[in-house]
Amino acid sequence: MPDVEIRRWNELASGPRRDRLIADIEHVFFSSSARQSFETATEKAAFRERWLGRYLEHFPQHALVAVDKERRAVGYIIGSLEDPARDPLFADVTALAHFRALTPRYPAQLHININADWRGHGLGARLLAAFSDMARDGGAPGVHAITARGLRNVGFYLANDFVEHGAVDIDGRELLFLGRDLAR
């Protein structure tokens, strides 16, 4: 695999390249998202805040960034270790109410995105392993991701020891709760 280093966001965010790294992360975020169009700039900003911004602001200690040899962000994993179904910060995520019975077993949540040019090199698995280690060390018994059936990331999660534990239809879209045990 090409030279890529996984660093904690807290370490990188205090450096002189912070603004460029945020721009890189936003590029990875928007180019990797299943949603590619927005009617307004306000709608796009709200989407960014919901799935990226709140994690960087409220849980920077749990964010990991993959940087290449030029110190450009080519991927990241963000999340929290606390049960989001019981955290008012995530009250806007409708699916969590449907999966509330599952989140105590898999309280740590994550979102991972990799620049398209860097996919298929094992970087996602490395980020996932580093986040899982951090969650385990933080006392979480499991980690989860919520995604839609049919998206490319479902195969990634299943290949990395996640198991489908639930599904719910919301607005004509089947959302999956995928969990991974973190027991040693």
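All residue numbers refer to positions in the sequence shown, counting from 1.
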Using a 3.5 Å distance criterion without hydrogens, assess whether the side chain of [X] forms a donor-acceptor pair with backbone atoms of [Y].
X	Y	result
Thr40	Glu43	yes
Ser33	Phe29	no
Asp83	Ala85	yes
Arg105	Pro141	yes
His144	Ala108	yes
Arg126	Val4	yes
Gln36	Phe30	yes
Arg8	Ala63	no

* Any chance you could lay out the salt bridge (Lys or Arg N to Asp or Glu O under 4.0 Å) test for Arg72 and Asp24, step after step, and finish with the verdict? => CA-CA 7 Å; Arg72 301 298 301 253; Asp24 290 345; 2.5 Å; yes

| Above 12 or not: heavy atoms from other molecules or residues under 6.0 Å from CZ of Arg173? | no

Hey, are the side chains of [X] and [Y] touching, using non-hydrogen atoms and a 4.5 Å cut-off?
X	Y	result
Val163	Leu158	no
Leu12	Arg18	no
Leu110	Leu128	yes
Glu174	Val168	no
Leu52	Tyr76	yes

Heavy-atom pair with the smallest gap, counting every atom of [X] and [Y]:
X	Y	value
Leu178	Glu164	CD2-CA, 3.5 Å
Ser32	Val28	OG-O, 2.8 Å
Arg136	Asp133	NH1-OD1, 2.8 Å
Ile146	Phe99	CD1-CD1, 3.8 Å
Arg48	Ile22	NH2-CG2, 4.1 Å
Leu175	Ala95	CD1-CB, 3.8 Å

Quick one: is the NZ or CZ of Arg54 closer than 6.0 Å to the six-membered ring centre of Phe59, and within 45° of its axis? no

So Ser80 and His58, side-chain contact (heavy atoms from CB on, under 4.5 Å) or not? Walk me through it. CA-CA 9 Å; Ser80 69; His58 296 283; over 6 Å; no

Do the charged groups of Glu5 and Arg71 touch, with an N to O distance under 4.0 Å? yes

**Report entry** Centroid-centroid under 6.0 Å between His62 and Phe131 rings
**Finding:** no

- Do Phe90 and Tyr55 make the cut of ring centroids closer than 6.0 angstrom? yes

